[in-house]
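As structure tokens, the structure follows; a few thoughts come after it.
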Amino acid sequence: MANVQFKNLFKNYGDVKAVHDFNLDIAEGEFIVLVGPSGCGKSTTLRMIAGLEDITSGHIYIDDKFINKIHPKNRDIAMVFQNYALYPHLSVKDNISFGLRAQKLPRSEIEKRVIEASETLGLEGLLLRRPGELSGGQKQRVAMGRAIVRKPKVFLFDEPLSNLDAKLRHKMRAEMKKLHKQVGTTTIYVTHDQIEAMTLADRIVIMKDGLIEQVGSPNEVYKSPNNIFVASFIGTPAMNFIEGKVNNVSKASSIIGLVDRKTLKLKKGNLNTNQDIILGLRPEDISVTNKKLTNSKDDIEIDAEISVIEPMGHETVVICESNYGEITGKVESNTNLKEGMNVKLSVCQDNIYLFDKNSQKNLSL
Ligand SMILES: Nc1ncnc2c1ncn2[C@@H]1O[C@H](COP(=O)(O)OP(=O)(O)OP(=O)(O)O)[C@@H](O)[C@H]1O
Ligand SMILES: [Mg+2]
């Protein structure tokens, strides 16, 4: 186990700024997830820690030791890739022990670690098979086995579950969490799947265009997103956004003008007259009803028509058309709502997020 620090890390490929001024302190034993859309620099960051990519500038420390110049082999980290990179001609056992044999560890020690890892990962019955005779999930576990037998200071994972079907991905996600509890090794995990990020991470690092947009616990990035990008990236279905302009500001409240000339009185202060703002509504905070509303007059109310209903089992996603464009709500499944129905959407004042349109920053923080 080790701590990991990144100080002012940059990576350019010619004109492409793949990673831009990346700063992060990772505590010993922490499970960090790097998440963000394709091309935002997640893999590049991971590959720089592993030593598979040159660093343009900046410093990386593992266990307080400066490692930029240390050979990948001597960094004491283990990486699991998306494609698992198993040796097809070797048995599961030999794949798992490959790194240990290269390190010339005593045979008894190798044997002991392989048995331990295969018990942890439920691979006992498969040790003599070759990768070609394994399912995707089993291959993934072999790749994990190869990483854990090395007892590295840090685990690096680059989208290790993305080749699995949804059910297996869910199962392996839980296995991954259990494994981390058991071995406690500092882990940096890359994914573009925000649900994976939310469920696995102690802290999530949300990246966009090579930059860190926010670092925080799953709860922090969900409840208090720094900006519109984070707000729209975290949460499914994504947050809804409505544009507005501040008409009037008093000490206690602000009057917001919306596109259809409706106004909304917000308790939240700290706004300027004529400021362009964006309201954020989480689908799970929206009530959808075809009955008369009995809400407080300060809550937001929107007339809408249901265009699509998506039953998800215990919840139902309701996509509606309104004067503010498409708005998606998420409601309990025992609903009488139907496609084509005219409904009222409402969100309690306290659950409305408020962003500045120009800076995109969250004004509620
Ligand atoms: N070897 C390379 N040469 C030139 N540009 C590269 C190279 N590798 C990556 N890039 C560019 O650097 C940026 C970051 O790439 P990176 O692979 O880190 O993204 P990522 O976040 O891992 O994306 P994905 O989710 O698609 O795997 C991208 O714009 C990519 O095109
Ligand atoms: Mg990648």
Side-chain angles (χ1 to χ4, degrees), residues 4-24 26 30-60 62 67-68 71-72 75 77-86 136 139-140 143-144 146-147 154-166 168-170 172-173 176 186-201 203-216 218 221 225-236 238:
V4 180
Q5 285 168 306
F6 301 90
K7 293 220 189 303
N8 309 106
L9 197 66
F10 284 79
K11 174 70 189 180
N12 300 336
Y13 296 104
D15 290 340
V16 178
K17 292 178 173 165
V19 176
H20 198 81
D21 203 11
F22 190 99
N23 286 283
L24 185 67
I26 301 175
E30 210 175 0
F31 199 121
I32 289 284
V33 177
L34 309 183
V35 71
S38 185
C40 71
K42 307 180 293 293
S43 295
T44 304
T45 305
L46 213 59
R47 292 170 59 81
M48 284 193 281
I49 313 168
L52 303 174
E53 206 71 72
D54 285 338
I55 295 168
T56 302
S57 67
H59 300 83
I60 303 180
I62 296 179
I67 55 124
N68 288 42
H71 192 274
R75 291 188 186 193
I77 52 179
M79 187 154 171
V80 176
F81 299 89
Q82 180 176 356
N83 59 11
Y84 315 139
L86 302 177
K139 280 186 207 156
Q140 201 272 343
M144 300 257 290
R146 192 171 50 184
V154 181
F155 280 138
L156 305 178
F157 292 109
D158 196 351
E159 311 227 15
L161 307 184
S162 60
N163 282 340
L164 308 179
D165 65 46
L168 195 52
R169 209 158 57 218
H170 192 171
M172 292 309 295
R173 201 165 75 203
M176 193 77 99
T186 311
T187 300
I188 309 174
Y189 185 105
V190 162
T191 178
H192 59 262
D193 178 344
Q194 54 106 1
I195 296 183
E196 226 167 88
M198 293 292 274
T199 50
L200 286 171
R203 281 189 303 157
I204 298 181
V205 179
I206 297 157
M207 296 177 71
K208 180 183 159 222
D209 300 336
L211 287 165
I212 294 182
E213 294 285 326
Q214 187 163 0
V215 181
V221 297
N226 278 348
N227 53 40
I228 289 182
F229 175 77
V230 175
S232 59
F233 196 80
I234 299 291
T236 36

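Both ligands and their constituent atoms are indexed starting at 1 by order of listing. Heavy atoms only: backbone and side chains are in, while hydrogens, waters and symmetry mates are out.
For atom 7 (C) of ligand 1, the nearest protein heavy atom lies under 4.0 Å away.
Close contacts between ligand 1 and Glu159 involve ligand atoms 25 (O) [criterion: under 4.0 Å to a heavy atom].
Shortest non-hydrogen contact noted between Ala50 and Arg75 is C-NH1, 3.8 Å. Summarising the geometry of Val80 relative to Pro160, their closest heavy-atom pair is CG1-CB, 4.1 Å, with the distance given to 0.1 Å. Residue Phe229 comes nearest to Lys208 through the heavy atom pair CD1-CD, 3.3 Å, listed as atom of the first residue, atom of the second, then distance. Minimum interatomic distance between Gln82 and Ser162 (heavy atoms only, all atoms of both residues): NE2-OG, 3.0 Å.
Protein contacts to the Mg ion (ligand 2) involving N, O or S atoms at a distance below 2.8 Å are Ser43 OG.
Not counting sequence neighbours, the partners of Glu53 by the salt bridge (charged side-chain N to carboxylate O under 4.0 Å, His left out) test are Arg47. The side chain to side chain donor-acceptor pair (under 3.5 Å) check on Thr44 picks up nothing, with sequence neighbours excluded. Residues meeting the ring pair (Phe, Tyr, Trp, His ring centres under 6.0 Å) test with Tyr189, sequence neighbours left out: Phe31, Phe157.
Under a 4.0 Å heavy-atom criterion, Gly36 is not in contact with ligand 1.
Of the protein's non-hydrogen atoms, Thr44 OG1, 2.5 Å is the one closest to atom 18 (O) of ligand 1. Ranking protein heavy atoms by distance to atom 26 (O) of ligand 1, first place goes to Ser38 OG, 2.5 Å. The protein non-hydrogen atom at the shortest distance from atom 1 (N) of ligand 1 is Tyr13 CE2, 3.6 Å. Residue, atom and distance of the protein heavy atom nearest to atom 30 (C) of ligand 1 are Val16 CG1, 4.9 Å. Here the protein heavy atom with the shortest distance to atom 17 (O) of ligand 1 is Ser43 CB, 3.8 Å. In terms of protein heavy-atom proximity, atom 14 (C) of ligand 1 is nearest to Gly39 O, 3.4 Å.
Ligand 1 has no nitrogen or oxygen under 3.5 angstrom from a nitrogen or oxygen of Ala18.
Ranked by closest heavy atom to atom 25 (O) of ligand 1, the top entry among Lys42, Lys11, His192, Lys17 is Lys42.
Atom CD1 of Ile26 is separated from atom OG1 of Thr186 by 8.0 Å, given to the nearest 0.5 angstrom.
For the residue pair Asn226/Glu213, the side-chain donor-acceptor check at 3.5 Å is not satisfied. Side-chain atoms of Ser43 and Asp158 include a donor-acceptor pair closer than 3.5 Å.
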